[in-house]
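In what follows, a single structure is set out as structure tokens and then discussed.
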Number of protein chains: 2
Amino acid sequence: MNNISNIFKEKNLKLTPQRYAIYKFLKSVKTHPSAEMIYAEISKDYPTMSLATVYKTLKTLIELGLVQELNVGEDNFRYDANVAIHPHIVCLNCGKVDDIENANFDNLKTDVLNYTDYDVLSYKLYFYGICSECKKGR
Amino acid sequence: MNNISNIFKEKNLKLTPQRYAIYKFLKSVKTHPSAEMIYAEISKDYPTMSLATVYKTLKTLIELGLVQELNVGEDNFRYDANVAIHPHIVCLNCGKVDDIENANFDNLKTDVLNYTDYDVLSYKLYFYGICSECKKGR
DNA sequence: CTATTAACAAATAATAATTACAAATTAGGA
DNA sequence: TCCTAATTTGTAATTATTATTTGTTAATAG
């Protein structure tokens, strides 16, 4: 069984309420929040939560491979508990970040081998455009 | 004629030596430097250059569509005077950022239309791996 | 059951990248 | 050459993130 509880145990890390809350929140949400947004949300249930804890927990979760970091071009990072490589799309109007679901772009990793002498390990793909809500309101 | 000089004139912007130096430097280089790196380099020729000027000039150049901003996952931005959409590859070992040249991934923009209801305007594609120099030194 | 100890959370200080501001300077047209 | 708005510069301020410190928690040995 490879749930969080076990992953933490294997690494001698404690699955504290704070850590669990952050992970559970990230899992439950599709908005790809920033550290600040996570902090604001979790603070409702854990009034003593510190922003430093959010940052430190996110770093741990990333090291454990439970969370990935997105950099869509803002001055901060966003976080995604879906660690599968998948494209994202950013609304240039409202800033929303969505998943591109069901699309498979994994051929990119092999295609690119013809154009580089790097060993290619992974990739990030971001699309930019206008979301349907913003299209309406124009 | 659509050189920088004219583009600036059209917008009532002054083509100062500083601005020109920054643009020329970015054009001449394939390293995708950060603001700090640009500042360090340009300072050699313009000892009075201020870091604030570098940042402000980069912003102007971006607005004019002469430069694009990259965000490969560092805590700072990198800049590229090649404004054509093209993929980049980052060495996870030494941090170098290279262009992927001659590859055409523009079908991505139309492919993705089947998986989103956004109007898709552009995309950014970053590969991550190990460069050939770093492979040798292992 | 208690003492020990390592991991942790919280608060706050520190750092790094970027931006804002105010005063001095300069580009480029009249 | 002169004028003026735009620009540069130095510095202060801001923002995101990380480090440090101190008190707390939880697992475990005795």
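Because the structure is predicted, anything quoted here is derived from the model rather than measured. Sequence lines set the chain letters: A, B, ... in the order given, protein chains first and strands last, and positions in each chain run from 1.
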**Fill in**
Testing D:dT9, D:dT18, C:dC8 for proximity to the side chain of A:Lys14, the answer is C:dC8
**Prompt:** Counting side-chain heavy atoms from CB outward, which of D:dT17, C:dT18, C:dA10 is closest to A:Lys56?
**Reply:** C:dA10
**Request:** Could you check B:Arg19 against B:Pro47 and say which one's nearest nucleotide on DNA chain D is further toward the 5' end?
**Result:** B:Arg19
**Message:** If you compare every side-chain N and O of B:Gln18 against the phosphate oxygens of C:dA27 (OP1, OP2), does one of them come in below 4.0 Å?
**Reply:** no
**Prompt:** Do A:Glu63 and A:Lys11 sit within salt-bridge range, that is, some charged N less than 4.0 Å from a carboxylate O?
**Reply:** no
**Sub-4.0 Å heavy-atom contacts from residues 68-77 of chain B onto DNA chain C, ordered by number** = B:Asp75, B:Asn76, B:Phe77
**Prompt:** Which whole-number value in Å describes the distance from B:Tyr20 OH to C:dG28 P?
**Reply:** 13 Å
**Request:** Let me know the distance between OH of B:Tyr79 and P of C:dA17, rounded to the nearest Å.
**Result:** 12 Å
**Message:** Could you tell me how far apart B:Met49 (CE) and C:dT26 (P) are, to the nearest whole angstrom?
**Reply:** 14 Å
**Item:** Residue pair A:Arg78 / A:Val97, side-chain heavy-atom distance below 4.5 Å
**Value:** yes
**Complete:** Among the nucleotides C:dA11, C:dT18, C:dA20, whichever has the atom closest to the side chain of B:Ala52 is C:dA20
**Item:** Distance, rounded to the nearest Å, where A:Asn12 contributes CG and C:dT5 contributes P
**Value:** 17 Å
**Request:** Among the candidates D:dT18, D:dG10, C:dC8, find the nucleotide nearest to the side-chain atoms of A:Tyr55.
**Result:** D:dT18
**Request:** Classify the nucleic acid contact of B:Thr48 as base, sugar-phosphate or nothing, counting any heavy atom under 4.0 Å across all strands shown.
**Result:** sugar-phosphate
**Request:** Could you tell me how the ring of A:His32 sits relative to the ring of A:His86: parallel (under 30°), tilted (30 to 60°) or perpendicular (over 60°)?
**Result:** tilted
**Prompt:** NA contact type, A:Lys59, heavy-atom cut-off 4.0 Å: base, sugar-phosphate, or nothing?
**Reply:** sugar-phosphate
**Prompt:** Hey, mind stepping through B:Asp98 and B:His88 against side chain to side chain donor-acceptor pair (under 3.5 Å) and telling me if it holds?
**Reply:** CA-CA 6 Å; B:Asp98 274 325; B:His88 294 87; over 6 Å; no
**Complete:** From OH of B:Tyr46 across to C1' of D:dG10 the rounded distance in Å is 20 Å
**Prompt:** Taking the nucleotide of DNA chain C with the closest heavy atom to each, which residue, B:Pro17 or B:Glu36, is nearer the 5' end?
**Reply:** B:Glu36
**Message:** Please check: side-chain N/O of A:Asn114 versus main-chain N/O of A:Asp111, any donor-acceptor pairing under 3.5 Å?
**Reply:** yes
**Message:** For the residue pair A:Lys124 and B:Tyr128, would you count it as a cation-pi contact if the rule is NZ or CZ under 6.0 angstrom from the ring centre and within 45 degrees of the ring axis?
**Reply:** yes
**Prompt:** Are any of the side-chain heavy atoms of A:Leu125 and A:Ile100 separated by less than 4.5 Å?
**Reply:** no
**Message:** How many whole angstroms separate atom CG of A:Leu51 from atom P of C:dA13?
**Reply:** 15 Å
**Request:** Please state how far atom CG in A:Leu13 lies from atom P in D:dT25, giving the value in whole angstrom units.
**Result:** 19 Å
**Prompt:** Hey, does B:Asp106 have a side-chain heavy atom less than 4.5 Å from the side chain of B:Tyr123?
**Reply:** yes
**Prompt:** Hey, does the side chain of A:Thr16 come within less than 4.0 Å of C:dA9's phosphate (OP1/OP2), counting only N and O?
**Reply:** yes
**Message:** So, does B:Thr53 get its side chain near the phosphate of D:dT9, meaning an N or O under 4.0 Å from OP1 or OP2?
**Reply:** yes
**Item:** Length of the line joining B:Phe8:CZ and D:dA5:C1', which is rounded to integer Å
**Value:** 16 Å
